[in-house]
Amino acid sequence: MLLKIIQYLSSNVITINLMISVINIFIIIYNWYKSRPRLEFYSNDNMMNIYKHCSSSDYHYKNSECIVFYYIKVFNHSTSPMTIGEFSLSVYGYENTISSKRVIIRDAYELSNSKGISGNLCIQMPLTIHPMGYCEGYIVFPFAPKYHEEHLFCEITSKATCKEFTTSGFIDKYSSDM
């Protein structure tokens, strides 16, 4: 009996190797699919996305004419950590601006006498999100061009270690009535 099994296996070695190879290819494709970079941006619910005209002395950013605070919620759906090195803000008709490690996050950003944004609500770059992890906070763009409209559509591009991800939303001109 054992001899017959050995004879059968030796005569079908090619078929058995093919089956094992197909199974290995399936496992490799499945693992690649599960670990591919996947960031998902969620709507920011009731958080304000604003820009405010300012001078260099307002927040101590040299050559700053306008500062943008854009609130994001981002989830890493992959099984690998994801590091975002910079965010880019694009508004049609204006020059793009970036937020990266060069942007020093202040302890607080005073918007008016009674309102402001705490520095601990702002995202420090680079941002590393653990596998199946989540992060939220304000992205600070202190070197934005001087916007003129009250309500602007914008795109935020996150430049991660292996891919770029884009989300979009609106920013409003800050007024002390907000």
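Throughout, residue positions are numbered sequentially from 1 according to the sequence presented.
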Quick one, S78 with S80, criterion side-chain hydrogen bond (donor to acceptor under 3.5 Å, both in side chains). Give me CA distance, side-chain angles, the key distance, then yes/no. CA-CA 5 Å; S78 67; S80 301; 5.2 Å; no
Check whether any side-chain heavy atom of [X] sits under 4.5 Å from a side-chain heavy atom of [Y], and report yes or no.
X: M48; Y: L111; result: yes
X: T167; Y: V74; result: no
X: R106; Y: Y61; result: yes
X: N76; Y: H130; result: no
X: F41; Y: I156; result: no
X: Y59; Y: C54; result: yes

Check the orientation of F69 and Y109. Use parallel for under 30°, tilted for 30 to 60°, and perpendicular for over 60°.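 Judged by the thresholds at 30° and 60°, the geometry between F69 and Y109 is perpendicular.
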Parallel, tilted or perpendicular, judged at 30° and 60°: which one describes the rings of Y147 and Y94? perpendicular
I'd like to know if the side chain of N31 and the backbone of I28 have a donor-acceptor N/O pair within less than 3.5 Å.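 Checked: no pair found.
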So, S88 side chain and T157 main chain: donor-acceptor pair closer than 3.5 Å or not?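 A pair under 3.5 Å: no.
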What about the rings of [X] and [Y], do their centers lie closer together than 6.0 Å?
X: Y51; Y: H53; answer: yes
X: F141; Y: Y70; answer: no
X: F153; Y: Y92; answer: no

Could you grab the distance from atom [atom1] of [X] to atom [atom2] of [Y], nearest 0.5 Å is fine?
X: I72; Y: L127; atom1: CD1; atom2: CG; result: 6.5 Å
X: K62; Y: F143; atom1: NZ; atom2: CZ; result: 10.0 Å
X: Q124; Y: S99; atom1: CD; atom2: OG; result: 9.0 Å
X: C66; Y: K173; atom1: SG; atom2: NZ; result: 9.0 Å

In terms of hydrophobic clusters joined by side-chain contacts under 4.5 Å, are [X] and [Y] together?
X: L152; Y: I67; result: no
X: L89; Y: L121; result: no
X: I117; Y: I123; result: no

